[in-house]
Amino acid sequence: MTERFGSYQNELYLQGLGGQLPPCSTDATKLEASAREVMAPGPFSYVAGSAGSGATARANREAFDRWRVVPRMLTGATDRDLSTTVLGTRLAAPVAVAPVGVQSIVHPDAESATARAAASTGLPFILSTASSTGIEDVAEANGDGPRWFQLYWPGDADVCASLLARAKAAGYTALVVTLDTWTLAWRPSDLDQSYLPFLQGEGLAVPFTDPVFRSRLEKTPEEDRGTAILTWIGMITGTDRTWDQLPFLREHWDGPIVLKGIQHVADARRAAEAGMDGIVVSNHGGRQVDGAIGALEALPGIVAAVGDRLEVLFDSGVRTGADVLKAIALGARAVLVGRPWVYGLAHAGEDGVRHVLRSLLADFDLTMGLSGHRTLADLGPDSLQRT
Ligand SMILES: Cc1cc2nc3c(=O)[nH]c(=O)nc-3n(C[C@H](O)[C@H](O)[C@H](O)COP(=O)(O)O)c2cc1C
Ligand SMILES: CCCCC(=O)C(=O)O
């Protein structure tokens with residue numbers, strides 16, 4: 001499966017000849033500034049914001065800057081193959097669309113637009129439990145595209161089992177269990193505006209369409225949206241989870257299971273001992289623990305400790321093709337990308353998401369080639385230098 005992602009560069013130049021400009025910047029580091037212009041203040045600060053002082057979000061970017069690519073020449077890298085297999089899913093490139101909740105606050109087409117854009121670029125779409133579009137509706141929009149399901153683990157075991165059964169039946173092949181957000185962090189940008197996204201718009205379709213969740217309510221979500229939302233938030237936050245509870249997930253999910261939000265080597269080892277199929281080294285894009293290490297700083301040690309026992313994925317701060325290259329060179333099997341495509345969604349719905357994803361892939365493809373790497377297997381610590 002060789003795909004020329006870099007050809008998007010020519011496509012954009014040619015479109016320019018016809019007077020057509022891209023729907024938003026091709027530079028993900030500029031998208032935040034332009035998204036501020038097109039988004040309402042509450043949704044913008046929710047998406048762009050981070051925990052506390054923002055130190056962790058900054059550390060994520062600084063961590064990428066500390067590593068530099070050392071290009072090689074005359075390696076035959078004009079013909080590249082970026083494909084790989086991640087969690088049993090064959091992918092044209094090692095990139096996935098990170099789970100992001102309540103996308104209806106960003107664009108009315110919400111998760112369906114993102115799921116279509118992901119499918120058309122061949123990247124896995126990861127549906128958040130906190131989505132504004134339901135499990136089955138997103139699966140329909142995603143069509144034949146690869147899709148995984150992200151779980152905020154509800155305290156109510158029957159509700160959890162019901163969500164997992166629906167996700168499985170709707171063709172989501174891997175389960176991504178997010179551990180780092182069992183309650184929301186101190187997020188001053190949201191608090192300054194008293195803005196809680198879950199209370200906006202039509203509500204949360206994943207639980208609202210679930211028969212078991214609905215059976216727990218005195219009034220339906222249609223009759224009393226506020227109580228339904230608060231009941232749901234109560235179910236997915238504050239529950240005391242420990243390592244010994246992971247077998248429950250195995251009992252109810254027969255595909256690959258990945259733990260998202262791992263930063264400590266000891267936790268990575270525990271995930272491997274618990275028989276997990278993978279982990280996502282992530283600090284939730286700096287949105288949870290203020291003052292945490294840059295996520296990329298955690299990656300090499302974790303790969304050294306467990307890389308031969310489970311698949312190590314990575315997110316938090318990926319913005320450019322070089323960032324993808326660096327994370328893969330440091331041992332990640334694939335990266336997840338969050339905010340950049342959310343800004344694409346804000347600018348131009350499905351087209352905006354597709355543009356951001358295709359731009360990242362093109363940048364990655366060209367950077368791979370120009371630095372002399374033909375396949376992902378060519379990447380390793382030798383490709384980088386720490387500055
Ligand atoms: C607006 C927003 C909502 C998010 N919602 C979820 C979610 O529902 N579930 C989840 O596991 N992670 C969620 N995340 C975290 C992302 O999956 C991912 O870890 C993070 O965005 C990666 O960092 P990046 O934005 O720097 O790429 C959210 C992130 C953002 C920005
Ligand atoms: C409890 C759902 C939290 C959504 C999320 O993950 C985020 O805002 O970062």
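Indexing begins at 1, ligand by ligand and atom by atom, following the structure's order. Heavy atoms only: backbone and side chains are in, while hydrogens, waters and symmetry mates are out.
Contact check on Arg4 versus Asp79 returns a salt bridge, with a Lys/Arg side-chain nitrogen under 4.0 Å from an Asp/Glu carboxylate oxygen. In summary, Arg354 and Glu350 engage in a salt bridge, as defined by a charged side-chain N under 4.0 Å from a carboxylate O. With salt bridges taken as basic N to acidic carboxylate O contacts below 4.0 Å, none links Arg358 and Asp365. A salt bridge is defined here as a Lys NZ or Arg NE, NH1 or NH2 lying under 4.0 Å from an Asp or Glu carboxylate O, and Glu297 with Arg386 meets this definition.
Shown here for Thr181 and Leu184, the closest heavy-atom pair between the two residues is CG2-CD2, 4.2 Å. Of all the heavy atoms in Arg250 and Gly255, the pair that sits closest is NH1-O, 3.4 Å. For the residue pair Gly317 and Asn60, the shortest heavy atom distance occurs at CA-CB, 4.2 Å.
On a distance-only criterion, Tyr46 and ligand 2 share at least one N/O pair closer than 3.5 Å. Considering backbone and side-chain N/O of Tyr152, one or more are found under 3.5 Å from N/O of ligand 2. Below 3.5 Å of separation, one finds an N or O of Gly317 facing an N or O of ligand 1.
At least one heavy atom of Arg187 sits less than 4.0 Å from an atom of ligand 2. Contact annotation: Asp315 has at least one heavy atom less than 4.0 Å from an atom of ligand 1. The shortest separation from a heavy atom of Leu336 to ligand 1 is not under 4.0 Å, leaving the residue out of contact.
Closest to atom 31 (C) of ligand 1, if we only count protein heavy atoms, is Arg287 NH1, 3.3 Å. From the protein, the heavy atom lying nearest to atom 7 (C) of ligand 1 is Tyr152 OH, 3.4 Å. Counting only heavy atoms of the protein, atom 27 (O) of ligand 1 lies nearest to Gly338 N, 2.9 Å. Summary of contacts: the protein heavy atom closest to atom 8 (O) of ligand 1 is Ser128 OG, 2.7 Å. Scanning the protein for heavy atoms near atom 3 (C) of ligand 2, the closest one is Phe198 CZ, 3.6 Å.
Residue His284 touches ligand 2 through its side chain alone, judged by heavy-atom distances below 4.0 Å. At a heavy-atom cutoff of 4.0 Å, ligand 1 is contacted by both the backbone and the side chain of Arg339.
Ring pair Phe198/Tyr46 is perpendicular by interplanar angle, where above 60° counts as perpendicular and below 30° as parallel. Using the six-membered ring where Trp is involved, Phe149 and Tyr172 have ring planes that are perpendicular, over 60° apart on the 30 and 60° scheme.
For ligand 2 and Arg287, the ligand atoms under 4.0 Å from any heavy atom of the residue are 7 (C), 8 (O), 9 (O). Contact atoms of ligand 1 toward Thr178: 10 (C), 11 (O) (distance under 4.0 Å to a heavy atom of the residue). Below 4.0 Å from some heavy atom of Ser282 lie the following atoms of ligand 1, by number and element: 19 (O). Counting the atoms of ligand 1 from 1 in the order shown, those under 4.0 Å from a heavy atom of Ser316 are 22 (C), 23 (O), 26 (O). Close approach to Arg319 involves these atoms of ligand 1, each under 4.0 Å from a residue heavy atom: 24 (P), 25 (O), 26 (O), 27 (O). Proximity to Val47 (heavy-atom distance under 4.0 Å) selects the following atoms of ligand 1: 1 (C), 31 (C). Below 4.0 Å from some heavy atom of Lys260 lie the following atoms of ligand 1, by number and element: 10 (C), 11 (O), 12 (N), 15 (C), 16 (C), 17 (O), 18 (C), 19 (O).
Clustering ILVMFWY residues whenever any of their side-chain heavy atoms sit less than 4.5 angstrom apart, transitively, puts Leu361 in a cluster other than the one holding Tyr8.
In summary, the side chains of Arg66 and Thr387 do not present any donor paired with an acceptor at a separation below 3.5 Å, with no hydrogens or angles considered.
Distances from atom 5 (N) of ligand 1 to the heavy atoms of Ala48, Gly101, Gly285, Ala57 put Gly101 nearest. The option from Ser131, Pro340, Pro99, Ala98 that lies nearest to atom 28 (C) of ligand 1, judged by heavy atoms, is Pro99.
Around atom CH2 of Trp243, more than 12 heavy atoms belonging to other residues, nucleotides or ligands sit under 6.0 Å away.
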Tell me, with the steps shown, if Asp363 and Thr320 meet side-chain hydrogen bond (donor to acceptor under 3.5 Å, both in side chains). CA-CA 7 Å; Asp363 182 10; Thr320 67; 4.7 Å; no
